[in-house]
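Reviewing the structure listed below.
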Amino acid sequence: MKKITKTFLRPIRYSLGPLPPNSNPKSPRLLNGHLDSALLHMALRGAEAKFHDYDAAITACVERRSLRYGQRAHAHMIKARYRPSAYLATRLAILYAKCRDMGGARNVFDEMPERSIVAWTAVISGYAQMGSHGEALELFVRMLATGILPNEFTLATILTSCSGACKLDLGRQVHSIAIKTNFESHIFVGSSLLDMYAKSNNILEARKVFDFLPERDVVSCTAILSGYAQLGLDEEALQLFIELYKEGMHCNYVTFTSLLTALSGLSALDYGKQVHSFTYRHELPFYVVLENSLIDMYSKCGSLTYARRVFNKMPERSSVSWNTMIVGYGKHGLGDEVIQLFNLMLREVKPDRVTFMAVLSGCSHGGLVDEGLSIFDYMIKEKGLKPEIGHYGCVVDLLGRAGRIEKALDFIKSMPFEPTAAMWGSLLGACRVHINIPAGEFVAKRLLDIEPENAGNYVILSNIYASASRWQDVVDVRKLMMEKAVIKEPGRSWINLDKVIHTFYSSDRFHPKKGEIEAKIKEIYAKIKEAGFVPDLSCVLHDVDDEQKERMLLGHSEKLAITFGLMGTPRSFMLRITKNLRVCVDCHNFAKFVSMVYEREISLRDSNRFHLFVKGACSCGDYW
DNA sequence: GTAGGGTTAG
């Protein structure tokens, strides 16, 4: 005791300010030692404790993010009947807010006789960082009503809450405050502002803010990059990155994570590998988020082996790492691997709602119907998780795949949610595979009511009628589509060769190699027809003759991409094609025949899953 | 003293 007292009574030099420069900030023992001494000192001084004692203690607590010690210092103040100055009260509020104790922060804040902009900002930012954007906005509005103007800190914070709470209108008002207060071009405010616009789907406004920033740094560049990537404007994101990188942009792990999102969307394996080797060569410290992004990139680029290698090498994994890897196996139809990894995961990390979504959808793609159904039960009964609409959707898909369509319809009736277009869509696909016309008609009616603009739905219904030779009904579907004035999302497929993305649109009339591709596709068509390929004319919903329909089918973008790939690569080269929509029956069949006749492996990623065509068969087992 | 960008499902 004596020894401690001695250490302690060293004249005020113990002052807790910042830690001595040679101390290791990561050592909690040392730091807690300091905190202990500060608090003990306060205790010894009892009612004598002064501003400096409290200030020192709070400073140390903020640095250490130690709520426990902070509360003790606060309690000591109350016990000693010490009335903190506005400054000290602000610091206490900051401490609580940073330690995510918003109850504590509000107590201090509400009792403050006068509140500076710093106090307001600290509490608002506490709410924002906890994701309580509603509270943050409410407090901000109250602040304005009090007549206090925000500073650059407040603006940068509140803009994140505007996008977090999806309040674009409010965000625009904050923007005008930023203009009035002359903070629009402030680097923190600007990057928050452009992020707000990007997250609310206004990429052009985001770009305008970015272009007008007088200076750029790694955060503002990453914000605009991720803005493009998150909206699926992957090519624009890649172009912008290349541009900014040439101009000397700095990158950190967040930049690479955003870039990888865009590269995953593009299936740009070569670029993805380059990012990977860059982070590897520069010995960037280990970040789980970046590694997760790498796993996702590799699996979305069709390279599960690489994805698993990254996964295996991680010194620590989050649930996102496991989920991403499970999704990867699922999308490739590898049901056994999904189950295996899920079982391994249960030993290490707690599965969450996304895990079950991934496992259920993986079981469906892998044809593990009963396993999927029992995992749904397990999720509810053993794990006590309440299934969400997406989980119900996966079960509908599982039942449909097994041909238990009546059961799926009963299941939909028993749900506590309204069925979604995705559910009806998956069930319509099931009706096509299992040729169930009455159910198909029933499902299509509901689907076309809520999603009349999706041309793919009409095509599947047409396929269903065609498979039963009900040609008049095929014609009626076509008419129905004309009546509803369906606007087709243009089909687009692409293939990456030597870091060049070759994109093809349906009936591409402008491709520079149009002539060569046309000649080659005619050759392919003749060869596969010889091998038994029959075009599925029910995939065309235009009112034209059969010959014209055949020509239109040959114009489908994935066929053009496959043809282009065959032209420019050796036989051992696996063709990796990506499509923006679901693959149609005719193209699926086309790819099967090409894989057989040309002895070529084709990996086709559509909006739903991967299809691996080898020797005339597809890994999806013709169910998708 | 208070501040900005990031990964997985459908």
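Lettering follows sequence order; numbering is per chain, from 1.
- Within the 4.0 angstrom heavy-atom criterion, only backbone atoms of the sugar-phosphate kind lie near A/S192; the bases stay farther away.
- Between A/F278 and A/F256, the angle of the ring planes lies from 30° to 60°, which puts this pair in the tilted group.
- Within the 4.0 angstrom heavy-atom criterion, base atoms lie near A/H186.
- A/T154 comes within 4.0 angstrom of no nucleic acid atom, judged by non-hydrogen atoms across all strands.
- Electrostatic pairing of A/D397 and A/R401 does not count as a salt bridge here, judged by no charged N lying under 4.0 Å from a carboxylate O.
- We find that A/R106 and A/E135 are not joined by a salt bridge, their nearest charged nitrogen and carboxylate oxygen being 4.0 Å or further apart.
- Across all strands, A/Q230 comes closer than 4.0 Å only to sugar-phosphate atoms, never to a base (heavy-atom distances).
- Contacts of A/D217 with the nucleic acid, taken as non-hydrogen atoms under 4.0 Å apart, include base atoms.
- Within 4.0 Å (heavy atoms only), A/F256 reaches no atom of the nucleic acid at all.
- With respect to the salt-bridge test (charged N to carboxylate O, under 4.0 angstrom), the residues A/K313 and A/E291 do not qualify.
- Here A/T255 lies in heavy-atom contact (under 4.0 Å) with a base.
- Residue-level contact check: A/V189 touches neither bases nor backbone, having no heavy atom under 4.0 Å from any strand.
- Across all strands, A/L360 comes closer than 4.0 Å to no nucleic acid atom at all (heavy-atom distances).
- Among pairs with a residue in residues 110-134 of chain A, those fulfilling ring pair (Phe, Tyr, Trp, His ring centres under 6.0 Å) read A/F109-A/W120, at least two apart in sequence or across chains.
- A/Y96 has its ring centre less than 6.0 Å from the ring centre of A/H74.
- The span of DNA chain B lying next to chain A, judged by atoms under 4.0 Å from heavy atoms, is bounded 5' to 3' by B/dG1 to B/dG10.
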(message) For A/F311 and A/W322: C-alpha separation, side-chain torsions, deciding distance, then whether ring-ring contact (aromatic ring centres under 6.0 Å, His included) applies.
(response) CA-CA 8 Å; A/F311 178 85; A/W322 290 90; 5.0 Å; yes

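- When heavy atoms are screened at a 4.0 angstrom cut-off, A/S191 is found touching base atoms of the nucleic acid.
- A/T324 comes within 4.0 angstrom of sugar-phosphate atoms only, judged by non-hydrogen atoms across all strands, and of no base.
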